[in-house]
Amino acid sequence: MIIKPKVRGFICTNSHPEGCAANVREQIEYTKQQGALAKGPKNVLVLGCSTGYGLSSRITAAFGSGAATLGVCFEKPPTERKTASAGYYNTVAFQEAAQAEGLFAHSINGDAFSNECKQQVIDTLKAHMGKVDLIVYSLAAPRRTDPKTGEVYSSVLKPIGKHYTTKGLNTDTLKINEVSIEPATEEEIANTVKVMGGEDWELWIEALAEADLLAEGCQTTAYTYLGDKLTWPIYGKATIGKAKEDLDRAAKALNEKLAGVNGRAMVSVLKAVVTQASSAIPVMPLYLSILFKVMKERGTHEGCIEQIQRLFVECLYSANPRLDADGRARVDNFELEPSVQAEVEEIWAQVTEENLFQITDYKGHHEDFLKLFGFGVEGVDYDADISPLVKTEF
Ligand code: NAD
């Protein structure tokens, strides 16, 4: 079939296998160019390994540090007539590249919140990898089934306390209109914490500890976003921000549990980037289009792979990590520079449908969005008739 993007609002319902593979290769190339990590991880578990920050973490561990990796993701395999989800193709491409270099790489496609998946990971580690020295928690999910009760919780992206009205970019029509979002109920806040908070991260570390699969000195990190004034009403100080605060609680609890193996749990604060998860957040497409413009002009623009490279080098595997007062690793420093935020706010106030392409980098944002699904990648022939099936599966 000839595969062209089918975009519906903030998602693309298909993906291009060769484009996805080319994206993965590009990230691997970047990592290799940075040189080997000193004292990096060797046996790594990545939860949410197939796209966005999790995929980049896996690439950095494998190709920057020669690590064996076990990845967990929730992706749709291809059929004769339908493409797989991008994360599926990414994972296949990652595994092929890792194995070609003699690196152990295995992936599990399942619900990371479930007990079954945790058991599968434990069995795989025992059979093939042994104790892990880094566990990256990079899940972004809209719902979670509680493994104890079977109850399903859904997260919401809503403000807290009062309703919030702001500018929003409709990425289908490129119209800028006012969006108004009602505040979350107490139940919605609690449910969002249940899905995106620290409980599942803790369950993972407890399960691995019980199975004696945590190496001496192991580290675990979960990813968060803090942002600044423009995104606070819908992120930092909203339902998802509450869930992220719960990661700080979980990190403290985990640090106590990890003391026995001299381990460390840390929340890592990353910058805003275009991923499937961030595309679903109101405000983000417009915020990111402006942020890209400002940061590209300053030469400080970064995507997932550049962020994770810095996270590993400057924080996780540094003798002198950049931590904030709450003990979180920080690589969102360039985004949060006051002068960057001030310029973003200035453009935010001025942006209209007419000047969108002049005063923001919507073009770059949109290219990144399509790239998430393997479209618009240099060197890929999008008119070629190809099969959505892949040679190897996982
Ligand atoms: P993403 O959508 O690209 O990746 C999510 C990953 O989770 C995928 O690998 C997906 O397969 C996996 N996943 C989802 N549900 C699952 C389930 N039930 N079982 C197993 N795997 C499942 O998202 P992302 O933007 O890379 O987000 C990863 C983390 O980084 C999140 O915690 C997010 O809050 C954080 N973060 C993101 C940004 C950003 O701008 N995108 C900024 C800072 C922090």
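In listed order, ligands and their atoms are each counted from 1. Any value given below was found using the heavy atoms of this structure, including those in side chains, with hydrogens, waters and symmetry copies removed.
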Taking 4.0 Å as the limit for heavy-atom contacts, which would you say applies to [X] with ligand 1: side chain only, backbone only, both, or neither?
X      : value
Cys304 : neither
Tyr137 : neither
Arg144 : neither
Thr224 : backbone
Thr51  : both
Trp201 : neither

According to ring-ring contact (aromatic ring centres under 6.0 Å, His included), who are the partners of Tyr88, at least two apart in sequence or on a separate chain? Phe394

[X] with [Y]: basic N within carboxylate O range, under 4.0 Å:
X      : Y      : result
Asp200 : Lys118 : yes
Asp383 : Lys4   : yes
Lys257 : Glu206 : yes
Glu18  : Arg25  : no
Arg298 : Glu337 : yes
Glu96  : Lys391 : no
Asp324 : Arg330 : yes
Glu367 : Lys363 : yes

Tell me the protein heavy atom at minimum distance from [atom], and give that distance in Å.
atom                    : result
atom 27 (O) of ligand 1 : Ala140 CB, 3.8 Å
atom 12 (C) of ligand 1 : Gly48 CA, 3.7 Å
atom 23 (O) of ligand 1 : Ala277 CB, 3.4 Å
atom 17 (C) of ligand 1 : Phe74 CB, 3.6 Å
atom 30 (O) of ligand 1 : Tyr223 CB, 3.5 Å
atom 11 (O) of ligand 1 : Glu75 OE2, 2.8 Å
atom 24 (P) of ligand 1 : Thr275 OG1, 3.7 Å
atom 40 (O) of ligand 1 : Val273 N, 2.9 Å

As an exercise, identify every atom of ligand 1 less than 4.0 angstrom from a heavy atom of [X].
X      : value
Ser50  : 8 (C), 9 (O), 10 (C), 11 (O)
Ala272 : 40 (O)
Tyr53  : 26 (O), 30 (O), 36 (N), 37 (C), 38 (C), 39 (C), 42 (C), 43 (C)
Gly52  : 3 (O), 26 (O)
Tyr235 : 34 (O)
Phe113 : 18 (N)
Cys49  : 9 (O)

Any nitrogen or oxygen of Gly54 lying under 3.5 Å from a nitrogen or oxygen in ligand 1? Just yes or no. no

Asp111 versus ligand 1: do any nitrogen or oxygen atoms come within less than 3.5 Å of each other? yes

Relative to Tyr153, does Lys194 satisfy both conditions: NZ or CZ under 6.0 angstrom from the six-membered ring centre, and within 45 degrees of the ring's axis? yes

Side-chain (Asn109) to main-chain (Glu75) donor-acceptor, under 3.5 angstrom: yes

Contact check, [X] vs ligand 1, heavy-atom distance below 4.0 Å:
X      : result
Tyr287 : no
Gly110 : yes
Met284 : no

Taking the inter-plane angle between the rings of [X] and [Y] on a 0 to 90° scale, is it parallel (under 30°), tilted (30 to 60°) or perpendicular (over 60°)?
X      : Y      : answer
Phe369 : Phe373 : perpendicular
Phe375 : Tyr382 : tilted
Phe312 : Tyr317 : tilted

Nearest non-hydrogen atom to [atom] belongs to which of [options]?
atom                    : options                        : result
atom 34 (O) of ligand 1 : Met196, Lys244, Glu335         : Lys244
atom 13 (N) of ligand 1 : Leu226, Leu139, Val136, Ile281 : Leu139
atom 19 (N) of ligand 1 : Ser138, Ala141, Ala112         : Ala112

How long is the straight-line distance from CZ of Phe10 back to OG1 of Thr171, given to the nearest 0.5 Å? 9.0 Å

Nearest 0.5 Å please: distance from the CG atom of Asn14 over to the CE atom of Met1. 9.0 Å

Just checking Tyr137 against Tyr223, ring centres under 6.0 Å apart? no

